[in-house]
Amino acid sequence: MSSKPSINLKQSQSQQQKLAMTQTMQQAIQILHYSTSDLVDFLQEQSLENPLISVTIGSYSSDAPPSNHSLVQSSEDRHQAFLEQLPAEKISLYEHILTQIHLNYRDTFLRTLLIFLVDYLDSNGYLTLPLDAAAQTGASEIELLDALTLLQQLEPAGIGARNLQECLMLQTERDHAAPDIAYLLLEESFDDLVNRQWDGISQKYAVSFQEIQAVYDYIPTLTARPGAAYAQILAQSIKPDLEVTVNEQQLDIRSTKAGQPQITFQDKYYNRYKAIEDADLQAYLKDRKAEFEWLKTTVENRFDTILRVGREILTAQADFFLDNNHPLKPLTLKEIALNLDLHESTISRAVNQKYMRTPFGTYELKHFFPQGILQKNGESKGEVIANTAIKAELQRVIANENKQAPLSDQKIVEQLKQAGFDISRRTVVKYRDTLGIPTSRHRKRY
């Protein structure tokens, strides 16, 4: 029987080429994903390792070169001044997961697969790529499942889930305080549990309604969005990457580069040692110069990609910038990706922790991709206030109902009428749904 590790060693290079996940490619992806402060930190580290790289923090607009003053001031001083303007920052989900992978797993094809899967996590931590669509990696089904299992063992609990059910199961599996039958019901009777079809569950597992109720009550203590707690930054303290101007209903956008790190080549240092006839020294200089050129190109590509995405946003959401009500239209990352002929994950990185300054405020680029848009349907200010009062009364009525015999929608209509709100049953249903209040059957307690 052949040794699996030896096969992996032979196949590692070709498989990594298929994944296009060399260290250089990973760095390019991370640079696009970085916030401004992350990029500053990264470039500072590179300048310490490469004497040909000098880092300064730009304080100029897109059409003006850096002043002599900004170049004379030490990069360390400018870096410190920039950081003092920033709030305490949480690490992004992408970096949090990637750090765990590099700390816990050695450099094997399995780790390469893990990094590949991380590329398809959305902002909530869900895996958006079906495993059968990962055949491009050249990995077997077992290898992909192994990689997924390792991913789902990382923090936060629930990461790498492919749907809500799996997300809740992953969290329950690690929670010692979970009800004894919680995982089993989530795994085998999820739909019946959430739809309160409890008679069948009670008979199937020989458990009481009280035990099922305990599981039902436990579920809201879990999170449906395990990745959402990461990468939360105060936009008002961040230097914007893009700036939009409005002039006579005409929109223009440019890359500000204000507060953005700039890298320059240390010509004097390079020329001083270039004249020395030493093969090892010349090889060293050649490698360090190549590193600088790659880094400069990659950083410029980052600026260019963010600007291209910004232009697409400006086109798609023109009404937001021209209308005083700032309405947003439905827009997805996929639409922008198709227009720019880029991968959706690239667009995701380009909008994460990147900001746009407008004449009426600064917005994270993710703001222009609304998850759901609620319209007022032409309601007047008075109607909005009246509807708010009705919703408040509806919440009060339901909060005070007998949970063992919840009020039907028709009963709610009658109680609202007594409080002076004469609305139809259909309107009650609409408001109840808007407030996220379930039906009477789903509100019943045992």
Side-chain angles (χ1 to χ4, degrees), residues 28-29 31-40 43 56-67 70 82 85-86 92 123 231 233-263 296-371 373:
I29 289 172
I31 285 174
L32 178 59
H33 192 274
Y34 283 151
S35 66
T36 298
S37 60
D38 291 333
L39 184 61
V40 168
L43 293 179
T56 56
I57 309 302
S59 58
Y60 54 92
S61 63
S62 59
D63 52 4
S67 66
S70 68
F82 174 77
Q85 300 176 40
L86 295 176
S92 71
S123 59
I233 299 179
L234 298 177
Q236 63 268 27
S237 301
I238 298 295
K239 296 292 185 182
D241 303 88
L242 303 172
E243 181 174 17
V244 172
T245 56
V246 183
N247 184 18
E248 297 182 352
Q249 294 297 96
Q250 295 297 314
L251 298 173
D252 185 41
I253 187 171
R254 64 179 184 175
S255 175
T256 64
K257 296 185 180 177
Q260 301 289 337
Q262 310 297 316
I263 59 173
K296 184 174 180 62
T297 299
T298 303
V299 171
E300 289 175 349
N301 287 342
R302 174 186 183 272
F303 289 138
D304 181 64
T305 299
I306 295 170
L307 180 58
R308 291 176 65 198
V309 171
R311 287 171 178 157
E312 289 295 321
I313 290 174
L314 205 65
T315 300
Q317 301 288 15
D319 289 346
F320 177 87
F321 302 95
L322 299 175
D323 190 322
N324 289 333
N325 294 320
H326 308 305
L328 282 173
K329 297 178 180 178
L331 182 64
T332 64
L333 299 177
K334 186 175 183 180
E335 292 176 59
I336 301 297
L338 290 173
N339 290 344
L340 296 180
D341 195 25
L342 295 172
H343 196 280
E344 190 173 340
S345 63
T346 300
I347 306 302
S348 177
R349 293 190 181 91
V351 303
N352 182 55
Q353 301 182 52
K354 313 304 187 301
Y355 294 86
M356 177 189 291
R357 183 169 59 211
T358 75
F360 41 84
T362 299
Y363 299 84
E364 188 176 9
L365 297 191
K366 288 195 295 187
H367 173 78
F368 300 100
F369 299 86
Q371 297 299 312
I373 300 175

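Each residue takes its place number in the sequence, starting with 1.
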Q. About how many Å separate CD of E364 and CG of N352, when rounded to the nearest 0.5 Å?
A. 6.0 Å
Q. Do the non-hydrogen side-chain atoms of V299 and L43 ever get within less than 4.5 Å of each other?
A. yes
Q. How far does CG of D323 sit from CD of Q249, to the nearest 0.5 angstrom?
A. 9.0 Å
Q | Backbone N/O of N247 and side chain of Q250: donor-acceptor pair under 3.5 Å | A | no
**Q.** Ring centers of F321, F368 separated by less than 6.0 Å
**A.** yes
Q) In Å and rounded to the nearest 0.5 Å, what is the CD to NE2 distance from Q353 to H33? A) 7.0 Å
Q: Determine whether T245 and R254 make a side-chain contact, defined as any pair of heavy atoms from C-beta on separated by less than 4.5 Å.
A: no
**Q.** Residue pair S348 / L333: nearest heavy atoms and the distance that separates them
**A.** CB-CD1, 3.9 Å
Q. At their closest point, which heavy atom of L242 faces which heavy atom of G310, and how far apart are they?
A. CD1-CA, 3.7 Å
Q. Residues two or more places apart in sequence or in another chain: which of them pass side chain to side chain donor-acceptor pair (under 3.5 Å) with N339?
A. E312
Q.
Can you confirm whether R311 sits close enough to L340 that some side-chain heavy atom of one is under 4.5 Å from a side-chain heavy atom of the other?
A. no
Q. Where do L307 and S255 come nearest, in terms of heavy atoms and distance?
A. CD1-N, 3.8 Å
Q.
Quick check: do V309 and K354 have side-chain heavy atoms less than 4.5 Å from each other?
A. no
**Q.** Side-chain heavy atoms of V40 within contact of Y34, under 4.5 Å
**A.** no
**Q.** Considering all heavy atoms, the nearest L365-A350 contact
**A.** CD1-O, 3.8 Å
Q: Please list, chain by chain and in numerical order, all residues satisfying salt bridge (Lys or Arg N to Asp or Glu O under 4.0 Å) with E300, sequence neighbours excluded.
A: K296
Q | Donor-acceptor contact below 3.5 Å, side chain T256 vs main chain P240 | A | yes
Q. Is the closest side-chain heavy-atom distance between R308 and D304 below 4.5 Å?
A. yes
Q | T305 side, atom OG1; I347 side, atom CD1 - distance, nearest 0.5 Å | A | 8.0 Å
Q) What pairs with E344 under side chain to side chain donor-acceptor pair (under 3.5 Å), at least two apart in sequence or on another chain? A) none
Q) Distance from T332 atom OG1 to F369 atom CZ, nearest 0.5 Å? A) 8.0 Å
Q. In Å and rounded to the nearest 0.5 Å, what is the CG to CD distance from L251 to Q317?
A. 11.5 Å
